[in-house]
Asker: 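Please find one structure pasted underneath; my questions will follow.
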Number of protein chains: 2
Amino acid sequence: MGRATRKIEILHAASKIVSERGIFNLTLEATAIEAGVSKGGLLYHFPSKEALVKGMVDHLAENYRDKIAASVAESSKEKGKWIKSYADVTFNNPYPNKEMHAGLLAAKAVNSDLLDPIRNLYNEWQTEIEQDGIDPVKATIIRLATDGIWLSELFDIHHLSEERKEEVYSKLKSWIDE
Amino acid sequence: MGRATRKIEILHAASKIVSERGIFNLTLEATAIEAGVSKGGLLYHFPSKEALVKGMVDHLAENYRDKIAASVAESSKEKGKWIKSYADVTFNNPYPNKEMHAGLLAAKAVNSDLLDPIRNLYNEWQTEIEQDGIDPVKATIIRLATDGIWLSELFDIHHLSEERKEEVYSKLKSWIDE
DNA sequence: GAAAAAAAACCGTCCAGGTAGTATAGTGAA
DNA sequence: TTCACTATACTACCTGGACGGTTTTTTTTC
């Protein structure tokens with residue numbers, strides 16, 4: 001195992017526990033076991049539980065930022081690059097979203113301040129989205145609708161049928177180009 | 001204090017703790033103190049922590065259902081009653097939303113199955129919204145956008161300016177009537 | 001390039017503090 | 001008499017974090 005890898009394995013283990021067993025089962029020992037590391041080893045990398053959760057959030061914020069940035073860079077659009085990328089990445093990536101959910105829930109439970117990197121992300125994106133060549137109100141609505149899908153996945157509240165989801169996705173995309 | 005009142009006071013106290021101090025501080029003792037009840041008294045009404053959280057969710061689901069139903073009943077619209085009511089209630093009621101946030105987070109942390117009443121609510125609403133006389137895809141997008149506002153409030157992720165929020169709200173409403 | 005030293009990456013146990021839930025004895029009101 | 005509590009004590013358990021090692025890797029020295 002490479003150097004940086006171990007820390008990230010631990011973060012994945014922590015996310016997995018939150019996703020599958022809930023926040024109350026995110027204990028240092030459980031995380032250590034899930035990651036195949038001793039408790040002491042875990043505490044070497046993350047000297048406290050808060051540090052562990054901070055690690056989760058920082059890591060996923062970085063990932064998410066990269067993903068969106070890559071999508072923007074790839075885009076050949078003139079208008080609506082950012083909102084298009086935001087919608088694409090969020091609609092079509094169930095897996096990283098799971099880690100996102102785990103990170104958010106953990107941070108909210110442990111210490112809301114840990115969410116700051118996410119807040120920064122959203123502030124950046126909202127700025128870009130509003131200056132992206134399309135009506136900012138419409139762009140904001142597209143973002144909000146995308147976030148709405150997210151909310152229902154986070155709590156497993158209401159799953160739209162794949163078909164309806166696709167229709168929603170298409171309609172939102174059509175608004176970007178009209 | 002009347003009979004039913006005490007239970008509800010306890011539920012409010014629990015929500016308050018979750019909102020202000022986070023899930024990890026929702027202990028039986030803290031809830032009892034916040035509600036001005038002894039621990040024994042609390043356990044008389046809710047024999048376990050899970051029962052307490054179940055109480056929170058059930059109570060808020062009932063409340064939310066009533067609120068939406070009342071708004072629908074009041075409405076003189078022919079088309080889009082449900083989506084209009086859903087958007088109105090959710091946009092304009094910061095306070096019950098706080099209880100909703102607390103209940104959802106607590107249930108998600110303690111036992112996801114406790115969210116079932118909320119799932120039922122959303123299933124009902126989605127059915128009504130899709131049969132409410134306006135394009136179901138558009139109606140769904142309005143619901144999702146409303147939920148998006150919700151998500152950002154839940155995590156304090158990104159607060160739209162009041163102005164932009166108002167513009168979004170107006171545009172969503174205009175879509176209902178067009 | 002081998003040995004020695006130092007730093008990094010761990011291991012595993014212990015403990016103080018906190019928590020859910022039980023138990024129990026009693027109180028006042030309807 | 002029952003309901004809706006109060007007040008307190010107690011248990012059994014779990015958890016974060018401290019701590020003192022040990023092993024592995026890297027760097028330095030000869």
Side-chain angles (χ1 to χ4, degrees), chain A residues 1-18 20-59 102-103 105-114, chain B residues 1-18 20-59 102-103 105-114:
Chain A
M1 308 288 163
R3 219 123 302 108
T5 321
R6 221 35 176 293
K7 284 188 87 158
I8 289 171
E9 281 174 2
I10 292 171
L11 296 176
H12 285 326
S15 291
K16 198 177 172 202
I17 289 170
V18 174
E20 293 177 1
R21 291 183 257 162
I23 257 290
F24 287 136
N25 291 301
L26 182 73
T27 67
L28 296 181
E29 205 185 348
T31 307
I33 291 169
E34 180 73 40
V37 166
S38 72
K39 196 173 167 183
L42 177 128
L43 282 162
Y44 172 78
H45 291 292
F46 302 102
S48 72
K49 192 171 181 179
E50 188 163 327
L52 173 63
V53 174
K54 179 169 158 47
M56 292 170 74
V57 176
D58 291 354
H59 179 243
L105 290 172
K108 181 84 185 171
V110 169
N111 177 356
S112 281
D113 293 345
L114 300 178
Chain B
M1 306 288 164
R3 218 124 301 111
T5 321
R6 221 37 177 292
K7 283 187 89 160
I8 290 170
E9 282 174 1
I10 292 171
L11 296 175
H12 285 325
S15 292
K16 197 176 173 203
I17 289 170
V18 175
E20 293 176 0
R21 291 183 257 163
I23 258 288
F24 287 135
N25 291 300
L26 182 72
T27 65
L28 296 180
E29 203 185 348
T31 307
I33 291 169
E34 180 73 40
V37 164
S38 70
K39 193 178 167 183
L42 171 93
L43 284 162
Y44 173 79
H45 291 292
F46 302 101
S48 72
K49 193 172 179 177
E50 188 164 326
L52 174 63
V53 174
K54 179 169 157 47
M56 291 170 75
V57 177
D58 291 352
H59 180 243
L105 290 172
K108 181 85 187 169
V110 168
N111 176 357
S112 281
D113 293 345
L114 299 178

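Every chain is numbered from 1 and lettered A, B, ... according to where its sequence line falls, protein lines coming before strand lines. Treat the numbers as computed from the prediction; the structure is a model and nothing was measured.
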Asker: According to side chain to side chain contact (heavy atoms under 4.5 Å, CB included), who are the partners of B:A109, at least two apart in sequence or on a separate chain?
Answerer: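 By the side chain to side chain contact (heavy atoms under 4.5 Å, CB included) rule, B:A109 matches A:F24, B:I23.
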Asker: Should B:N111 and B:V53 count as side-chain neighbours, where that means a heavy-atom distance under 4.5 Å?
Answerer: no
Asker: Quick one: pull up OH in A:Y44 and CZ in A:R6 and give me the separation to the nearest 0.5 Å.
Answerer: 12.5 Å
Asker: Between P on C:dC11 and CG on A:L28, what's the gap in Å once rounded to a whole number?
Answerer: 14 Å
Asker: Indicate whether OP1 or OP2 belonging to C:dA9 is found under 4.0 Å from a side-chain N or O atom of A:H45.
Answerer: no
Asker: Taking only the side-chain heavy atoms of A:L43 (C-beta and beyond), determine which of D:dA18, D:dG16, C:dA20 contains the nearest atom.
Answerer: D:dA18
Asker: Per the side chain to side chain contact (heavy atoms under 4.5 Å, CB included) rule, which among B:N25, B:V37, B:I17 passes with B:T31?
Answerer: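 Result for side chain to side chain contact (heavy atoms under 4.5 Å, CB included) with B:T31: B:I17.
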Asker: What's the NZ-C1' distance between A:K49 and D:dC14, to the nearest Å?
Answerer: 11 Å
Asker: CG of B:L52 versus P of C:dT19: gap in Å, rounded?
Answerer: 15 Å
Asker: Just the rounded figure in Å: distance from P of C:dA8 to NZ of A:K7.
Answerer: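 Atom-to-atom, A:K7 to C:dA8, this comes out as 13 Å.
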Asker: Looking at A:E34 and A:A13, what are the two nearest heavy atoms and their distance?
Answerer: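 The pair with the smallest heavy-atom distance is CG-CB, 3.5 Å.
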Asker: What are the two closest non-hydrogen atoms of A:A32 and A:L42, and how far apart are they?
Answerer: N-CD1, 3.9 Å
Asker: Between the protein and nucleotides 6-8 of chain D, are there any N/O to N/O pairs under 3.5 Å, and if so, what are the atom names and distances?
Answerer:
from: D:dT6; atom 1: OP2; to: B:S38; atom 2: N; distance (Å): 2.8
from: D:dT6; atom 1: OP2; to: B:S38; atom 2: OG; distance (Å): 2.9

Asker: If you assign each of A:N25 and A:P47 to its closest nucleotide in DNA chain D, which residue comes earlier from the 5' end?
Answerer: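 On the 5' side of the pair lies A:N25.
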Asker: What does A:L26 touch in the nucleic acid at a heavy-atom separation under 4.0 angstrom: a base, only the sugar-phosphate, or nothing?
Answerer: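 The answer is sugar-phosphate, as A:L26 gets under 4.0 Å only of primed atoms, P, OP1 or OP2.
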Asker: Could you check how far CD of B:E29 sits from C1' of C:dT22, rounded to whole Å?
Answerer: 15 Å
